[in-house]
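Working notes, structure below.
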Amino acid sequence: MAEYVEPAGRVGGPLPPTEETWPLGAREPLGVADLPAPEEVFAAPHIGFRQAVTLVIGPSLVALGLSIGSGEWLLAPLAIGINGWVGIGFVALVSILLQALYNVEIGRYVLATGEVPAIGFGRIPPGAYVGTILAVVLFYLAFITGGWAAGAGDGLFTLITGDIPGDEDRTESRLLAVLLIAVVFVITLFGRKISRTLEFVNWVLVVGILVLMFVIDILIVGWSDLGDGLEGLFRPALPPEGTNAADIGAVAGFAAMASGLNYVFMNYYRDKGYGMGSRTGYIPALLGGEKREVAAVGTTFRETPENAAMWRRWWGFLKAEMWLVFVPGALLGILLPGILISHLAQETGTAPSRETMPTYAADQLRATGEGDFFFYLALVIGFLVLFTTQIVVFEMLVRNFVDAVYGSSSRFRSLLGGDPRKFYYPFMILLAIVISIIIFQALPTSLVSWAANMSNLAALIMPLLLMFLISKLPRPAKAQWWSYLILIAVMVYFGYFFINFFASEVFDTDLSFW
């Protein structure tokens with residue numbers, strides 16, 4: 001993807017304080033300025049199709065790095081391999097569509113204010129950054145367990161040794177997971193923007209994963225398997241009777257991204273420069289990036305016809321990212337591994353389990369006598385899928401905490417001299433140590449299942465906070481009635497799966513209606 005040269009002037013860095021302000025919630029008022037044109041932000045004389053693909057589209061590729069991840073390679077195929085497509089696929093489809101709609105509503109706030117969601121949630125009364133703290137805690141509650149890292153370590157262990165890791169190999173596979181965490185740290189060191197580096201890495205990895213998945217499916221599965229997968233995705237049906245509450249909740253939570261926690265990925269739109277994000281600044285890389293101050297308070301736009309027209313352009317780019325990149329990619333990410341696992345489970349008569357899922361496809365391909373080529377191809381795919389998840393999740397854990405602390409404390413910003421990198425990289429090292437300890441404690445699929453269901457908990461809470469924020473924006477960006485219906489649907493759908501999971505885990509009670 002082509003890199004753009006940032007124009008001179010204010011675009012790409014925070015605006016100085018403005019006399020005109022826009023009150024919003026319990027924090028300092030937003031500044032007020034005009035929306036920049038995409039041509040101004042991306043230093044292009046014209047934004048046509050080619051420029052949109054090479055310059056504008058990008059954060060959705062980072063989202064796909066997470067979307068085509070543990071939910072698609074571990075959780076959904078696990079449920080499909082045990083219970084079949086019917087009902088499971090439709091749960092995933094509804095999850096993907098609702099998450100795309102939810103993402104657009106979160107993006108509405110980021111584009112209109114240049115503030116990342118965690119900071120925006122701090123505007124919810126009573127203030128005192130209660131919403132910011134809640135947003136970060138919910139995210140960490142789900143992802144600090146490190147199942148995404150442990151799964152990648154298992155995949156790399158099998159790729160190197162040719163053996164499925166058992167209990168006696170757990171130390172070696174976890175040490176490989178720690179090594180991969182270190183690789184992610186190195187990746188973030190380079191480039192002008194950390195977010196831009198991640199876009200490029202995920203563009204390469206996501207395309208590679210989809211191509212390799214397509215190849216292995218073409219050569220292994222039959223047309224009937226594809227038909228079963230398409231029918232399972234698009235035919236409305238309830239999950240099979242007796243489906244484990246944790247497993248079906250995990251499918252709902254991690255199909256596409258992370259249901260109620262999707263706000264954590266919208267920070268990339270700020271750094272990309274979408275809308276008013278170009279007036280706020282971004283976190284630069286340590287090597288290749290120059291010091292950039294990130295504004296603690298966002299800036300919104302004046303209610304003028306010119307700004308309304310500019311808003312529609314930015315809004316169109318955001319919707320294109322969701323519906324032309326994110327949703328098709330997420331559907332392929334469910335379909336391609338799902339039909340492979342379903343085919344193998346039926347052919348071998350061996351259903352996957354939480355213990356075997358990270359390397360199930362490779363193991364069963366070898367058991368069917370397909371040869372070492374398919375065994376190693378499946379291992380490569382599984383490793384790349386889990387490693388892309390590892391890259392995105394680890395960086396988002398760091399980014400969201402840094403953005404939240406940096407934006408919440410003027411004393412902390414002063415201590416860092418206005419350079420968030422001075423906290424970003426040391427904190428990344430500290431977090432790597434903590435996660436490296438945690439991943440020795442449980443199997444990767446169990447850890448990922450927990451994370452998915454915690455994501456559904458966030459869907460019960462965060463849409464309420466978002467409703468407040470998007471009701472206070474300038475009129476061209478302000479939410480319409482259907483936005484609230486979407487957010488209520490997100491709460492009801494994902495919230496039900498969390499409540500069922502909680503009742504099952506804590507009270508041994510199944511609230512399923514199927």
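Throughout, numbering of the chain's residues begins at 1 and tracks the sequence.
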Checking D228 now: which residues fulfil side chain to side chain donor-acceptor pair (under 3.5 Å) with it, not counting sequence neighbours? none

Is any side-chain N of the basic residue among K193 and E199 closer than 4.0 Å to the acidic one's carboxylate O? no

Donor-acceptor under 3.5 Å (N83 side chain, P240 main chain): no

When rounded to the nearest 0.5 Å, the distance separating CZ of F139 from CG of N262 is 10.5 Å

Working to the nearest 0.5 Å, report the span between OG1 of T171 and CZ of F157. 10.0 Å

Please identify each residue that fulfils salt bridge (charged side-chain N to carboxylate O under 4.0 Å, His left out) with E395, with sequence neighbours left out. R399

Using a 3.5 Å distance criterion without hydrogens, assess whether the side chain of T243 forms a donor-acceptor pair with backbone atoms of P239. no

Taking the side chain from Y263 and the backbone from L466, do they hold a donor-acceptor pair closer than 3.5 Å? no

Please find the pair of heavy atoms, one from A404 and one from V136, that lie closest to each other, and give the distance. CB-CG2, 3.7 Å

Under the criterion side chain to side chain contact (heavy atoms under 4.5 Å, CB included), I'd like the reasoning laid out for L336 against L340: C-alpha separation, chi angles, the key distance, then a yes or no. CA-CA 7 Å; L336 296 179; L340 175 64; over 6 Å; no

How about I499 and L460: do any of their side-chain heavy atoms sit closer than 4.5 Å? yes

Kindly indicate whether the side chain of D169, heavy atoms from C-beta on, has any atom under 4.5 Å from the side chain of T161. no

Between CE of M462 and CD1 of I124, what distance do you get to the nearest 0.5 Å? 8.0 Å

Pick out which of F401, F254, F394, F265 makes a ring-ring contact (aromatic ring centres under 6.0 Å, His included) with F143. F254

Within a strict 4.5 Å, meaning less than it, do heavy atoms of the M467 and I488 side chains meet? yes

Counterpart residues, salt bridge (charged side-chain N to carboxylate O under 4.0 Å, His left out), relative to E231 (two or more places apart): R235

Do other residues, nucleotides or ligands put more than 12 heavy atoms under 6.0 Å from the CZ atom of F502? no

Spacing of L141 atom CG and L457 atom CG [to the nearest 0.5 Å]: 7.0 Å

Under-4.0 Å salt bridge between D271 and R196: no

Flag, side chain of S173 to backbone of D154, donor-acceptor distance under 3.5 Å: no

Could you work out, with side chain to side chain contact (heavy atoms under 4.5 Å, CB included) as the rule, every residue matching S95, not counting sequence neighbours? Q99, A255, Y493, F494

Is the closest side-chain heavy-atom distance between L431 and Y140 below 4.5 Å? yes

Under the 3.5 angstrom rule, does the side chain of T158 hit a backbone N or O of G155 as a donor-acceptor pair? no

Can you find a pair of side-chain heavy atoms, one from P125 and one from F468, that are under 4.5 Å apart? yes

Using the rule given for side chain to side chain contact (heavy atoms under 4.5 Å, CB included), can you reason through I435 versus L397, listing the C-alpha separation, both sets of side-chain angles and the distance that settles it, and then say yes or no? CA-CA 11 Å; I435 292 172; L397 282 166; 3.9 Å; yes

Side chain to side chain contact (heavy atoms under 4.5 Å, CB included) between V183 and F387: does it pass, once the steps are laid out? CA-CA 10 Å; V183 172; F387 183 55; 3.8 Å; yes

R270, R123, R108 screened by salt bridge (charged side-chain N to carboxylate O under 4.0 Å, His left out) with E115, the one that passes: R123

Contacts of S60 meeting side chain to side chain donor-acceptor pair (under 3.5 Å) (sequence neighbours excluded), chain-then-number -> E321

Side chain proximity check, I80 to I341, heavy atoms < 4.5 angstrom: no

Identify the two heavy atoms, one from S455 and one from L261, that lie closest to each other, and give their separation to 0.1 Å. OG-CD1, 3.4 Å

Looking at E241, I want to see if its CD is surrounded by more than 12 non-hydrogen atoms of other residues, nucleotides or ligands under 6.0 Å. no

Checking S259 against N456: is there a side-chain donor and acceptor pair closer than 3.5 Å? yes

Tell me whether T132 contacts the main-chain N or O of A118 through its side chain, where contact means a donor paired with an acceptor under 3.5 Å. yes

Looking at F326 and A256, what are the two nearest heavy atoms and their distance? CZ-CB, 3.7 Å

Just how far is it from atom CD1 of I391 to atom CG of L386, taken to the nearest 0.5 Å? 11.5 Å

So do the side chains of Y268 and L198 get within less than 4.5 Å of each other, counting heavy atoms only? yes

Test log, rule side chain to side chain donor-acceptor pair (under 3.5 Å), inputs D510 and S504: CA-CA 5 Å; D510 189 352; S504 176; over 6 Å; no

Quiz question: by atom type and distance under 3.5 Å, do the side chains of Q346 and S342 form a donor-acceptor pair? yes

Tell me whether the guanidinium CZ or amine NZ of R366 lies under 6.0 angstrom from the six-membered ring centre of F375 and within 45° of its axis. yes

For residues 209-227, please give each side-chain donor-acceptor pair under 3.5 Å, one per line with the distance, not counting sequence neighbours.
from, atom 1, to, atom 2, distance (Å)
D225, OD2, G222, N, 2.9
D225, OD2, H343, ND1, 3.0

Which pair of non-hydrogen atoms, one from I57 and one from K272, has the smallest distance, and what is that distance? O-NZ, 4.0 Å

Please evaluate residues V94 and F90 with respect to the criterion side chain to side chain contact (heavy atoms under 4.5 Å, CB included), reporting the C-alpha separation (whole Å), side-chain torsions for both, the decisive distance (0.1 Å), and the verdict. CA-CA 6 Å; V94 175; F90 191 68; 3.7 Å; yes

CD1/I439 to CG/L175 distance, rounded to the nearest 0.5 angstrom? 8.5 Å

Is the W311 ring parallel, tilted or perpendicular to the W315 ring (thresholds 30°, 60°)? parallel

Taking side chain as C-beta onward, heavy atoms only, is T197 less than 4.5 Å from T188? no

